[in-house]
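Take a look at the structure set out below.
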Amino acid sequence: MPLTLMAEAIAARHGAPAEVTTVTLPSGEAVRCRRRGVPEDAPEWGQPPERPGTIVDFTLPVPGSGGWPVLTFSTPIPELADPLTEMFDAIARSLRWSGDKERAGV
């Protein structure tokens, strides 16, 4: 599936308030989606539904396969959303595919 189609599908699923972009990571191209919401397991962690947190997903293709893993990060604390989103982005940038020496610059 082309990355643009995946980005369009993610944007359609989450609606207008979601920020859906394509980004270049060391592991390759990915779709990044930042949105506000309450994760499914929020009640287990005590997050009230009236106080949505920030969720950031990275959806990326596995080279040489049809797989599309999703890295999902979230914070229930709106006041920390921006600095934690920077950390989420840094973690996503640390992903490397095993055996992918050419992309890793080795």
Side-chain angles (χ1 to χ4, degrees):
M1 170 184 291
L3 196 70
T4 54
L5 288 179
M6 180 62 77
E8 289 172 8
I10 291 170
R13 178 177 184 212
H14 295 296
E19 300 169 16
V20 179
T21 58
T22 56
V23 295
T24 302
L25 303 174
S27 57
E29 296 295 310
V31 178
R32 179 183 181 275
C33 177
R34 178 179 174 167
R35 64 191 187 282
R36 297 196 29 89
V38 179
E40 290 179 21
D41 61 352
E44 295 173 33
W45 297 97
Q47 181 180 355
E50 63 275 3
R51 187 172 158 90
T54 297
I55 303 164
V56 180
D57 296 321
F58 290 87
T59 306
L60 58 160
V62 177
S65 96
W68 287 80
V70 179
L71 305 174
T72 299
F73 306 93
S74 66
T75 175
I77 307 168
E79 296 81 10
L80 296 178
D82 289 336
L84 285 175
T85 296
E86 289 179 24
M87 182 184 72
F88 303 155
D89 290 342
I91 293 169
R93 285 191 305 271
S94 73
L95 176 68
R96 305 288 192 281
W97 298 114
S98 178
D100 194 5
K101 294 180 181 178
E102 184 176 304
R103 275 198 195 142
V106 176

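Source: prediction; values computed, not measured.
- The two residues Val38 and Pro52 come nearest to each other via the heavy atoms CG2-CA, 3.8 Å.
- Val62 and Val70 fall into different hydrophobic clusters, where Ile, Leu, Val, Met, Phe, Trp and Tyr residues are linked whenever their side-chain heavy atoms come under 4.5 Å apart, directly or through other members.
- Going from atom OG of Ser27 over to atom CZ of Phe58 covers 9.5 Å, rounded to the nearest 0.5 Å.
- Around atom CZ of Arg36, more than 12 heavy atoms belonging to other residues, nucleotides or ligands sit under 6.0 Å away.
- A continuous path of hydrophobic side-chain contacts links Leu60 to Val56 [ILVMFWY only; heavy atoms under 4.5 Å].
- Identified under the salt bridge (charged side-chain N to carboxylate O under 4.0 Å, His left out) test for residues 49-72, with sequence neighbours left out: Arg35-Asp57, Arg51-Glu79.
- Trp97 and Pro69 make their closest contact through CH2-CG, 4.1 Å (heavy atoms, listed as atom of the first residue, atom of the second, distance).
- Follow the hydrophobic side-chain contacts under 4.5 Å out from Leu5 and you reach Trp68 in the same cluster.
- Hydrophobic cluster membership is shared by Met87 and Leu71, with clusters built from Ile, Leu, Val, Met, Phe, Trp and Tyr side chains linked at under 4.5 angstrom.
- The structure places CG of Leu80 at 5.5 Å from OG1 of Thr75, a figure rounded to the nearest 0.5 Å.
- The hydrophobic cluster containing Leu95 also contains Val23, counting ILVMFWY residues as joined when their side-chain heavy atoms lie under 4.5 angstrom apart, directly or transitively.
- Tested against Arg32, the residues Asp89, Thr22, Thr59 include a single side-chain hydrogen bond (donor to acceptor under 3.5 Å, both in side chains) partner, Asp89.
- Pro17 approaches His14 most closely through the heavy-atom pair CD-O, 4.4 Å.
- Ring planes of Phe73 and Phe88: parallel class, angle under 30° (limits at 30 and 60°).
- The structure places OG1 of Thr24 at 12.0 Å from CZ of Arg93, a figure rounded to the nearest 0.5 Å.
- When all heavy atoms of Leu25 and Ala92 are compared, the pair lying nearest together is CD1-O, 3.9 Å.
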Chi angles and distances behind the side chain to side chain contact (heavy atoms under 4.5 Å, CB included) call for Arg34, Thr85: CA-CA 9 Å; Arg34 178 179 174 167; Thr85 296; 3.6 Å; yes

